[in-house]
Structures are given as structure tokens and as C-alpha cells.
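Throughout, numbering of the chain's residues begins at 1 and tracks the sequence.
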Amino acid sequence: MRDFSPETMQKRAYIFDAIRMVFEKYGFQALETPAMESLSTLTGKYGDEGDQLLYKVLNSGDFLHKRGNLLVNVSDLEKGEKVVAPKISEKGLRYDLTVPFARYVAANYNELPIPFKRYQIQPVWRADRPQKGRYREFYQCDADVIGTDSLFCEAEIFMMIEEVFKKLNIGDFQILVNNRKLLDQIAKSVGSTNSNAFFTVLDKLDKLGKDAVIDEFSKMSFSERQISRIKDLIDIEGSNSEVLDSIASFLDNADSEGLEELREVLDLHSKLCGNSELIKVQATLARGLGYYTGTILEVKVNNVQIGSVSGGGRYDDLTGIFGLPNVSGVGFSFGVDRLYDVMEELELFPEKISKTTDVLIVHFDKKGFEKGLEVIQQLRSEGIAAELFPDTGKLKKQLQYANRKNIPYSIIIGDEELAQEKWQLRNMESGQQQLMSTEKIIEKLK
């Protein structure tokens with residue numbers, strides 16, 4: 001959980017604005033949900049590892065007692081967190097934006113335009129081990145469509161990702177895609193009796209590497225034949241058509257709804273943009289979240305030391321746990337903090353976004369300050385971001401302030417300038433000055 005300087009905030013706003021612009025261009029509407037949710041809303045949606053990363057909030061007041069009775073005893077403590085936590089904590093900080101969104105849809109379904117397209121830009125919290133690209137508090141920018149099972153939505157998501165990256169000048173990236181239905185079929189083909197456990201280990205491939213993942217599968221009592229099958233799966237490579245054909249062969253060419261959905265999504269995207277080179281089918285892409293049921297995707301920027309910067313997928317019954325069954329949805333999320341780190345590493349931020357003020361009015365005495373009050377109102381009324389230095393002081397001090405804030409111009413009001421009703425407009429980069437009227441200064445700055 002970090003502080004952000006004004007300079008950092010300007011860069012973050014640059015990312016937010018690019019994402020928000022694309023979301024709204026594609027018809028998504030803004031939504032916000034509370035920072036805290038009931039633990040019953042959050043738990044069981046992210047897999048066992050995800051549940052361990054939930055920040056739980058102690059009940060207000062005397063959380064150990066209720067009506068004078070002690071809520072937790074020694075035997076409870078011996079049984080562990082799963083017994084103790086529900087007794088002293090009813091709420092937690094949200095882990096992502098998708099589950100709260102599903103809760104919102106279930107509660108307001110009859111009032112929403114269906115399909116409902118929403119975007120959400122808010123912080124989430126995970127009790128993770130902090131490291132580069134992984135934080136305990138971070139912003140997600142989600143876009144979801146709920147109330148349709150059309151695969152056109154997935155194709156549009158690919159388009160949105162590509163458009164955001166184009167705005168941010170990130171060119172060397174790849175959208176990895178797979179399908180949970182296909183993964184379920186693969187898990188059965190391998191002989192796994194616990195699909196979620198199989199996915200959890202497979203999802204670690206990028207972090208741990210092939211050998212470490214195979215070692216984990218070996219510890220799960222997979223036979224040599226099963227391990228051999230898993231190695232064959234991991235080794236599947238090639239163009240998208242080659243990968244899809246290899247998976248079909250891996251499944252002995254059995255009917256596969258997941259394979260057909262992947263082919264249709266790729267075909268729709270190709271019809272929309274005529275180019276699918278940025279999309280790569282990856283047979284081992286699993287994504288650990290337990291609510292996905294169809295297409296899954298991750299976005300990785302090449303040649304940077306950061307994991308995925310975006311991810312998502314289709315969930316066919318997430319609203320069902322909130323009393324609204326059989327409503328399909330699909331969505332994805334940008335991790336702004338990781339995008340920021342990528343852009344810093346690749347030096348992609350434009351220099352001009354570090355400027356907040358167009359011009360600083362500099363003065364030497366009360367008369368100069370009084371005139372500055374008049375000039376600043378004229379500047380601001382014309383849409384020019386202007387500051388008046390609040391204290392009377394040395395010219396050097398005031399100009400240092402302008403330089404530290406990257407203000408490109410200063411207006412200097414001294415006795416000679418007051419006598420002529422014209423002011424020195426100073427270019428802070430070159431140091432050149434020009435005597436001009438307020439009207440001429442406005443004309444130049446605009």
C-alpha cells in the first residue's frame with residue numbers, strides 16, 4: 001500500500017483516461033461498489049489460495065463478545081482460522097471487482113438494460129507478499145457484459161485491449177487465450193480427479209517453469225503415464241490453427257465445445273479487425289479464479305520483468321450464488337499498477353503529462369500581488385491553468401517553485417511592468433522574456 005506523488009498521479013491519470021475513453025467508446029457505463037463486502041459474498045469465489053489472501057475486517061466494537069458472552073474459546077483457537085474468523089469478522093475488503101459486480105446485478109437485474117455493459121475503476125486489496133508488479137492495494141479497471149452468451153463480446157474485448165495499448169503506445173504484447181471447458185476436458189483426458197487442483201498447478205507454469213510444475217504434479221500422485229501426458233500438453237506450440245489441431249489430437253479428436261468456441265472467437269475477431277497476430281492460443285493457460293466457465297485470457301507485455309497486465313474470461317453462473325441463476329457474463333480487467341510499471345520500464349510516458357500549470361504569476365510587493373489577482377482571473381476565465389505565488393519573496397525563490405513544478409511559463413510583475421501595464425512573459429526552459437499585455441499573453445498561451 002503506497003503513497004503516490006503528484007507526478008505519479010499525473011501518469012496514473014494518463015492511463016485511467018485512456019482506458020476510460022475506450023470503455024465508453026464501446027458502450028460501457030460506469031459503476032462503483034463498496035470497498036467492503038460480506039465475507040459470505042467474497043469467500044469461495046477465488047479458490048483456496050484466493051480465500052487466504054482476503055483481508056478480513058474485525059467486527060466493530062467489542063468483537064470478542066456478544067451480549068456479554070465470549071464468542072471465541074480455546075477449542076475454537078485450536079481449530080484454526082476457519083472457525084474463528086466467522087465469529088469475529090463479518091466483512092472483508094474486496095478482492096476483485098467482478099464478484100461485487102455479480103452481486104449488484106443480481107440485486108438490480110430487473111432495472112438494468114440487458115445485456116448490461118459496465119466498467120468499474122476502483123482499488124482492490126489482497127494480503128499478498130509485496131514485490132514488483134504485485135501489491136496489497138492496487139487499482140483494477142474492469143469491463144463486463146452480462147446477460148448474453150454471444151462470443152462477439154469476447155472478440156470485442158480483444159479489440160478494446162488492443163485499442164487501449166495503442167493509446168498507451170505499448171506495441172509489443174500478446175493476448176493469451178484458452179477455454180475452461182476445454183481445460184476441463186483436458187483434465188479428464190489426463191485422468192485428474194480434481195480439476196481445480198489441476199488448474200491451480202498448471203497456472204503456475206509461467207512463474208515456476210516446466211520442471212517445477214511437473215515436480216508438483218508428481219507429488220500429487222500422478223502416474224508416469226499421466227505425467228507424460230501433461231508434458232505433451234505443456235509442449236504444444238505453433239500457430240493458433242496448429243495449437244488447436246494439436247489439442248484436438250491430444251483429445252483423440254473427441255467433440256469439444258471449448259475448441260469450437262475458441263475457433264469462433266478467433267474468427268469473429270479476425271472479421272472485426274482482419275488481423276489476429278496479437279492473439280495466441282495457449283493450451284496451458286488456466287487462470288486460478290474458480291468462477292470462469294468459458295473463454296479465459298491474459299495479456300502480457302514482452303521484454304519486461306512483469307507478469308500479466310490484464311486478464312479475464314466468461315462466467316456462466318456467477319450471479320447464481322446471489323439468487324439469479326443462468327445469467328452468462330464475460331469481462332476483463334486491466335491492472336493499472338502493472339501497466340504503470342511497464343510504461344516506466346519502457347519509458348513510454350510522454351513528457352508533457354508532468355505539467356499541471358501553464359503559467360506562474362511572479363511579483364515583488366503588495367502592488368504586484370494586487371495586480372496579479374486581476375491577471376490570474378483573466379487567465380483562468382480563458383481556460384489557462386494559472387497560479388499566483390502566494391507570498392512576496394525573491395525572484396529566485398518564485399522561479400525555483402515554477403521549475404520544480406515543471407511550469408513552462410512565468411509572468412513577472414514589477415514596478416516597470418506596472419507602469420506600462422505590460423508584463424514579462426518568461427519561457428522557463430529557454431529563459432527568454434518578452435514584454436506583453438495580458439491579452440497578448442492569453443493569445444500566446446492559448
Side-chain angles (χ1 to χ4, degrees), residues 1-21 24 30 32 121-123 137 139 141 167-169 336-337 339-341 343-344 347-446:
M1 300 185 185
R2 300 158 293 157
D3 296 318
F4 297 117
S5 68
E7 183 181 2
T8 301
M9 285 301 297
Q10 289 157 17
K11 292 178 179 179
R12 288 168 65 84
Y14 176 76
I15 297 173
F16 287 134
D17 290 345
I19 293 171
R20 187 180 291 108
M21 197 178 301
E24 291 180 354
E32 287 196 355
I121 300 177
Q122 287 186 278
E137 178 185 57
Y139 267 78
C141 301
K167 283 183 176 295
L168 297 178
N169 203 29
V336 168
D337 303 83
L339 274 177
Y340 180 96
D341 290 343
M343 292 185 68
E344 281 282 64
E347 299 180 348
L348 295 177
F349 284 110
E351 289 183 14
K352 66 179 181 179
I353 64 170
S354 63
K355 175 181 69 65
T356 58
T357 303
D358 294 313
V359 62
L360 173 71
I361 300 174
V362 174
H363 55 89
F364 304 99
D365 51 29
K366 186 175 181 181
K367 288 188 297 181
F369 180 78
E370 292 292 334
K371 179 54 70 172
L373 291 174
E374 178 186 320
V375 173
I376 197 171
Q377 288 298 93
Q378 291 176 276
L379 293 170
R380 287 175 175 170
S381 68
E382 294 293 333
I384 295 169
E387 290 187 53
L388 172 64
F389 198 79
D391 302 315
T392 300
K394 293 180 179 180
L395 176 64
K396 182 179 179 181
K397 177 182 178 182
Q398 297 183 55
L399 295 182
Q400 280 179 340
Y401 173 82
N403 283 327
R404 293 190 72 172
K405 288 194 70 175
N406 293 313
I407 299 174
Y409 290 96
S410 62
I411 293 173
I412 302 172
I413 301 177
D415 289 339
E416 292 183 12
E417 288 79 18
L418 285 166
Q420 301 180 67
E421 277 287 322
K422 291 183 178 180
W423 331 115
Q424 294 287 355
L425 180 66
R426 181 186 180 94
N427 183 310
M428 295 302 296
E429 185 174 352
S430 68
Q432 293 180 340
Q433 296 184 177
Q434 188 176 358
L435 194 65
M436 305 174 73
S437 67
T438 304
E439 291 73 21
K440 289 292 184 183
I441 288 174
I442 289 171
E443 186 179 317
K444 181 175 179 62
L445 294 180
K446 291 184 71 174

Novice: Quick one: does Q424's side chain get under 4.5 Å of V362's, heavy atoms only?
Specialist: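 A side-chain contact under 4.5 Å is absent here.
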
Novice: Going by heavy atoms in the side chains, are D365 and D415 under 4.5 Å from each other?
Specialist: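 Yes; the side chains approach each other to less than 4.5 Å.
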
Novice: Should the pair K371-E374 be classified as a salt bridge under the 4.0 Å nitrogen-to-oxygen rule?
Specialist: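 The answer is yes: the pair qualifies as a salt bridge.
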
Novice: Less than 4.5 Å apart, any side-chain heavy atom of T392 and any of K366?
Specialist: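 Side-chain contact under 4.5 Å: no.
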
Novice: What's the verdict on side-chain contact (heavy atoms from CB on, under 4.5 Å) for I441 and V375, showing C-alpha distance, side-chain angles and the deciding distance?
Specialist: CA-CA 10 Å; I441 288 174; V375 173; over 6 Å; no

Novice: How long is the gap from OG1 on T438 to CD1 on I376, to the nearest 0.5 Å?
Specialist: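 Answer rounded to 0.5 Å: 12.0 Å.
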
Novice: Step by step, work out the side-chain contact (heavy atoms from CB on, under 4.5 Å) result for W423 and I412.
Specialist: CA-CA 6 Å; W423 331 115; I412 302 172; over 6 Å; no

Novice: Tell me the closest heavy-atom pair linking E387 and R380, and the distance in Å.
Specialist: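 What the structure gives for the nearest pair is CA-NH2, 4.2 Å.
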
Novice: Considering residues, nucleotides and ligands other than Q420, do more than 12 of their heavy atoms fall under 6.0 Å from its CD?
Specialist: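 Yes, enclosed.
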
Novice: Any side-chain heavy atom of M428 sitting closer than 4.5 Å to one from I407?
Specialist: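 No, their side chains stay 4.5 Å or more apart.
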
Novice: First locate atom OH of Y409, then atom NZ of K444, and finally report the distance between them rounded to the nearest 0.5 Å.
Specialist: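 Going from the OH atom of Y409 to the NZ atom of K444 covers 4.5 Å.
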
Novice: Taking the inter-plane angle between the rings of F369 and H363 on a 0 to 90° scale, is it parallel (under 30°), tilted (30 to 60°) or perpendicular (over 60°)?
Specialist: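 Judged by the thresholds at 30° and 60°, the geometry between F369 and H363 is perpendicular.
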
Novice: For F364 versus G393, what's the shortest heavy-atom pair and its separation?
Specialist: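 In terms of heavy atoms, the two residues are closest at CD2-O, 4.4 Å.
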
Novice: Distance-only, no hydrogens or angles: does the E417 side chain make a donor-acceptor pair with backbone N or O of G414 under 3.5 Å?
Specialist: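 Side chain of E417 to backbone of G414: a pair is present.
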
Novice: What distance do I15 atom CD1 and Y139 atom OH have between them, rounded to the nearest 0.5 Å?
Specialist: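 Spacing of CD1 (I15) from OH (Y139) equals 13.0 Å.
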
Novice: Determine, step by step, whether E416 and L435 satisfy the side-chain contact (heavy atoms from CB on, under 4.5 Å) criterion, reporting the C-alpha distance in whole Å, the side-chain angles of both residues, the deciding distance to 0.1 Å, and the verdict.
Specialist: CA-CA 10 Å; E416 292 183 12; L435 194 65; over 6 Å; no

Novice: Do the rings of F349 and Y340 sit parallel, tilted or perpendicular, given the 30° and 60° boundaries?
Specialist: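 Correct class here is tilted.
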
Novice: So which atom in K367 and which in L418 form the shortest heavy-atom distance, rounded to 0.1 Å?
Specialist: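 Scanning both residues, the minimum pair turns out to be CB-CD1, 4.0 Å.
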
Novice: Could you state the interatomic distance from CD (Q432) to CG (L425), rounded to the nearest 0.5 Å?
Specialist: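 Rounded to the nearest 0.5 Å, the CD-CG separation comes out at 11.0 Å.
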
Novice: Hey, does I361 have a side-chain heavy atom less than 4.5 Å from the side chain of I413?
Specialist: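 With C-beta onward as the side chain, the pair touches.
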
Novice: Count the heavy atoms of every other residue, nucleotide or ligand shown that sit under 6.0 Å from CD of E421, and state whether that count exceeds 12.
Specialist: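 Check passes, neighbour count above 12.
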
Novice: Indicate yes or no: at least one non-hydrogen side-chain atom of L379 is less than 4.5 angstrom from one of D358.
Specialist: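 No, their side chains stay 4.5 Å or more apart.
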
Novice: Which atoms form the tightest heavy-atom contact between P408 and T357, and what is the distance?
Specialist: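 Reported closest heavy-atom pair: CD-O, 3.2 Å.
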
Novice: Are the charged groups of E344 and K11 less than 4.0 angstrom apart, N to O?
Specialist: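 Salt bridge flag = yes for K11 with E344.
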
Novice: If you take all heavy atoms of S410 and L399, which pair is closest and at what distance?
Specialist: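 Taking every non-hydrogen atom into account, OG-CD2, 3.7 Å.
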
Novice: Could you tell me the separation between the CD atom of E443 and the CE atom of M436, rounded to the nearest 0.5 Å?
Specialist: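 Going from the CD atom of E443 to the CE atom of M436 covers 7.5 Å.
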
Novice: How long is the span from the CG atom in L395 to the CD atom in Q400, to the nearest 0.5 Å?
Specialist: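 Answer for the CG-CD pair, L395 versus Q400, is 10.0 Å.
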
Novice: Using a strict 4.0 Å threshold on nitrogen-to-oxygen distance, state whether D337 and R2 make a salt bridge.
Specialist: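 Between R2 and D337 there is a salt bridge, with a charged N closer than 4.0 Å to a carboxylate O.
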
Novice: If you compare all heavy atoms of E32 against all heavy atoms of Q122, which two are closest, and at what distance to 0.1 Å?
Specialist: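 Looks like CA-OE1, 3.2 Å.
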
